[in-house]
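To keep things clear, I will list the structure first and then write my remarks on it.
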Amino acid sequence: MKPKRVRVHHLIHMKEAREPITMLTSYDALTARIFDEAGVEMLLVGDSYGNTVLGYNSTVPVTLEELEIATAAVARGTSRALVVADLPFGSYEESPAAAVRSAVRLRKAGADAVKLEGGVRQAHTIRAITEAGIPVVGHVGFTPQSESSLGGPRVQGRGNAGEAQIVDDAAAVEENGAVAIVLEMVPAQVAHRITRILHIPTIGIGAGVDTDGQVLVWTDMAGMTEWVPSFVRKFGQVGHALSEATKEYCEAVKNRSFPDESHSFLK
Ligand code: KIV
């Protein structure tokens, strides 16, 4: 299925047709255009913008203003993909009303949907944003904004109690109106079970092969950095290619082989 513009109902159809959904993060118009033209169905303006691009050491310091600017840029670079923007830490926990205000700002910036972390504990908030007319994507399992209370990046949903908790969280996300859900660092069998129970699409990251779609942080996917989490496959060596191109450029300027006549304006 190749819709002109990916909408929420297309995601449901894809789940029903068992067509895997592709999602990547993007934080600017340049990469958004490349990913959109390559056929990615969902672009996530994730708060991973904080650690991948802004140089923060976690997602916690990212502000709503920073994500508004990134969301507007991604929306400008996109003509087909559905744009999902993260509600950053501190922009939605206080009350459902505060969450709606933040979601409206991201919607006005160009997001088609917003994503927030948490299951049962965010049920009212998911409901309030949905009722305000903004589609919500849930996020359960390892939730980076709560990294300090979860004891660092670790697999969630192990053991009977852990599994029951994640299943309850995922069910609460769906029952309160979310249109899709991200499952992060969850055992493959648990992600499979949730995918079978829910009617909305599940998008996995470190959640095995049986979710309805997959998401990766684009800098991990493209190999911008040496280190990546163990659940990532590098589909390119873009960091190395960029470094080599930069070295060649410096050398050409130093030895005056660039610019040559073909790159100069002559009288
Ligand atoms: O911010 C982000 O990149 C995310 C993904 C890990 C799903 O939330």
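Each ligand, and each atom within it, is numbered from 1 in the order the structure gives.
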For this session: Please report which non-hydrogen protein atom sits nearest to atom 3 (O) of ligand 1, along with the residue it belongs to and the distance in Å to one decimal place.
Result: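 Checking every protein heavy atom, the shortest distance to atom 3 (O) of ligand 1 gives Ser48 OG, 2.5 Å.
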
Exercise. What protein heavy atom is closest to atom 8 (O) of ligand 1, reported as residue, atom name and distance in Å?
Worked result: Lys115 NZ, 2.9 Å

Closer than 4.0 angstrom, basic N to acidic O: yes or no for [X] and [Y]?
| X | Y | result |
| --- | --- | --- |
| Glu68 | Lys108 | no |
| Asp212 | Lys15 | yes |
| Lys254 | Glu251 | no |

Exercise. Under the side-chain hydrogen bond (donor to acceptor under 3.5 Å, both in side chains) criterion, do Thr31 and Ser26 qualify, and how do the steps go?
Worked result: CA-CA 6 Å; Thr31 58; Ser26 176; 3.0 Å; yes

Any idea which atoms of ligand 1 are less than 4.0 Å away from a heavy-atom of [X]?
| X | answer |
| --- | --- |
| Val217 | 3 (O) |
| Leu44 | 2 (C), 4 (C), 5 (C), 7 (C), 8 (O) |
| His139 | 8 (O) |
| Gly46 | 1 (O), 2 (C) |
| Glu184 | 6 (C) |
| Thr25 | 3 (O) |
| Ile205 | 6 (C) |

For this session: Measure up the Phe258 and His263 rings against each other and bin them: parallel (under 30°), tilted (30 to 60°), perpendicular (over 60°).
Result: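 Answer is tilted, since the angle falls between 30° and 60°.
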
Exercise. Can you tell me how far CG of Leu87 sits from CZ of Arg105, rounded to the nearest 0.5 angstrom?
Worked result: 11.0 Å

Exercise. Going by atom types alone, do Thr195 and Thr202 pair a side-chain donor with an acceptor below 3.5 Å?
Worked result: yes

